[in-house]
Amino acid sequence: MSLHSLPASHFNLEKTLNSGQVFHWMPHNSGFAGTIGEKLAYLEQHGETLLFSGVDANSVTRYLALDHPIEQILDSFPGDTAMKRAAEYSAGIRIIRQPAWECLATFLTSAVKQVFQIRGISLTIRSRFGQRLRGGNLCAFAYPNPEILAAVRLEQLIECKLGFRAQNLLSTARIVAGGGIDLEALRILPTEEARQALVQLPGVGEKIANCVLLFAYERLDAIPIDVWIARMLSDVYFKGRGKISITEMKAFASMYFGVYAGYAQQYLFHHWRMTYRKKDDRSSPLSK
DNA sequence: ATCCAGGATAGCG
DNA sequence: CGCTATCATGGA
């Protein structure tokens, strides 16, 4: 497969693919092998040039969100110290545009799991139930569509180390495959209406719904509040105020971080998660 | 061995 | 609304 190229400024491929928003890309040669939708793709970055094969330039641009107004987004971030450090550490991360089902299903399996484990679960589900894609010396598996997962037995999902998440994934796959929700129709809905539709699905609460809204539906103001973001907010923006409720965190975050709050959240999440150690290690992002 | 992980949910006050 | 127990599994 021949390599094509695209200009890519303010972009970091490795950080984008390893920042906990997508979980299936595999290191290969000097880049990464994976899937964009149903197609096998290879991506490799050299400075401000992105090399790719297997898919067309348009789909790469859309998937990696190279068309986002990144300078405008960065300018919208608040100017406090924690945000500045996160913006520097996470520089180049894009909020990518994932296929809706793949994103929804993957985050359904993410509940109370480490990023490393979510990746393992994702790769296992792909290799057991997804279509095997080959090209040149590349190989990857597409994420199985709802119809495929709706037809598997619960025990097969439990074998993928899903634990209590298995029933949620199976039930949701059956609802989607049966037409109980139209994931593509959500694209034209206002964010709050789309959120209300998503949380009807078993295993999907507000946090996972916000992940799907942010990573698949281009709602860049959606803020998933997970344990890391909650800890970060408590340690930085609510410092010394004891225990803060999720409701209060939500209200503050959407107000303080603005229209690109989801982007700010992702930069903070990645920085916090990658640099946080135990307190007695004195190497938290604040003290460095 | 103990705590924790990109949570959701039902039950309770 | 806010708090708590429960869910299943493996990493740190």
Solution key, residues 150-163 of chain A side-chain donor-acceptor pairs under 3.5 Å, sequence neighbours excluded:
from	atom 1	to	atom 2	distance (Å)
A:Arg153	NH1	A:Glu155	OE1	3.4
A:Gln156	OE1	A:Arg153	N	2.8

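Salt bridge annotation for A:Arg85-A:Glu88: absent, with no cationic side-chain nitrogen under 4.0 angstrom from a carboxylate oxygen.
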(request) Mind running side chain to side chain donor-acceptor pair (under 3.5 Å) on A:Tyr237 and A:Asp80 for me, showing each step along the way? (result) CA-CA 10 Å; A:Tyr237 300 100; A:Asp80 63 84; 2.8 Å; yes
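With hydrogens and angles ignored, the 3.5 Å screen pairs a side-chain donor or acceptor of A:Ser234 with a backbone N or O of A:Ala230. One N or O on the side chain of A:Gln45 and one on the backbone of A:Leu13 form a donor-acceptor pair closer than 3.5 Å. For A:Ser171 (side chain) and A:Asn168 (main-chain N/O), no donor-acceptor pair under 3.5 Å exists by modelled atom type. No side-chain donor-acceptor contact under 3.5 Å links A:Thr35 to the backbone of A:Ala142. No donor-acceptor pair under 3.5 Å is formed between the side chain of A:Arg219 and the backbone N or O of A:Leu213. Under the 3.5 Å distance criterion, the side-chain polar atoms of A:Arg119 are matched with a main-chain donor or acceptor of A:Trp25. Within the 3.5 Å criterion, the main-chain N or O of A:Leu169 finds no donor-acceptor partner in the side chain of A:Thr172.
Closest to the side chain of A:Thr247, from the set B:dA5, C:dT9, C:dG2, is C:dG2. Set against C:dA8, C:dG2, C:dT4, the side chain of A:Phe164 has C:dA8 as its closest nucleotide.
Cation-pi geometry between A:Lys207 and A:Phe107 is not met at under 6.0 angstrom from the ring centre and within 45 degrees of the axis.
For the side-chain hydrogen bond (donor to acceptor under 3.5 Å, both in side chains) with A:Asn18, the qualifying choice from A:Gln21, A:Glu14, A:Lys15 is A:Glu14, the only one to do so. Between A:Glu218 and the choices A:His68, A:Arg97, A:Arg187, the side-chain hydrogen bond (donor to acceptor under 3.5 Å, both in side chains) rule is met once, by A:Arg97.
Taking 4.5 Å as the limit, every side-chain heavy atom of A:Leu233 sits out of range of all side-chain heavy atoms of A:Ile244.
Put simply, CD on A:Gln117 is 13 Å from C1' on B:dC3, counting in whole angstrom units. Between the CD1 atom of A:Ile158 and the P atom of C:dA8 there is a distance of 9 Å, given to the nearest Å. One atom, OH of A:Tyr276, and another, P of B:dC3, lie 16 Å apart when rounded to the nearest Å. Following rounding to the nearest Å, A:Ile244 (CD1) and C:dC1 (C1') show an atom-to-atom distance of 15 Å. Whole-Å rounding puts the A:Leu154 CG to C:dC7 C1' distance at 13 Å. The distance from atom NZ of A:Lys243 to atom C1' of C:dC1 is 14 Å, rounded to the nearest whole Å. Look at CH2 on A:Trp228: it is 16 Å from C1' on B:dG7, rounded to the nearest Å. Per the geometry, CZ belonging to A:Phe116 stands 18 Å off P belonging to C:dT9, to the nearest Å.
Using a 30° and 60° split on the angle between ring planes, A:Tyr263 and A:Tyr267 fall in the tilted class, from 30° to 60°. Classification of the A:Tyr42-A:His28 ring pair by plane angle, with boundaries at 30° and 60°, yields perpendicular.
Within the 4.0 Å cut-off from OP1 or OP2 of C:dG10, at least one side-chain nitrogen or oxygen of A:Lys161 is found. Close to B:dA5, at under 4.0 Å from its OP1 or OP2, lies a side-chain N or O of A:Arg231.
In this structure, A:Ile225 reaches neither bases nor backbone, as no heavy-atom distance under 4.0 Å exists between it and the strands shown. If you check every strand for non-hydrogen atoms under 4.0 Å, A:Arg119 touches nothing.
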Report all interatomic pairs (protein N or O, nucleotide N or O of nucleotides 11-13 of chain B) with separations under 3.5 Å.
none

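Side chains of A:Gln200 and A:Gln196: no donor on one and acceptor on the other come within 3.5 Å.
Within residues 198-220 of chain A, the residues having any heavy atom under 4.0 Å from DNA chain B are, by residue number, A:Leu201, A:Pro202, A:Gly203, A:Val204, A:Gly205, A:Glu206, A:Lys207, A:Ile208, A:Phe215. A heavy-atom distance below 4.0 Å to DNA chain B is reached by these residues of residues 258-267 of chain A, ordered by number: A:Gln265, A:Gln266. Against DNA chain B, the stretch residues 98-114 of chain A makes heavy-atom approaches under 4.0 Å through A:Ser110, A:Ala111, A:Val112, A:Lys113, A:Gln114.
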(message) Please convert DNA chain B into dot-bracket. A pair counts if it is Watson-Crick or G-U wobble with both distances under 3.5 Å; crossing pairs go in [ ] and bases paired with another strand get |.
(response) .||||.|||||||
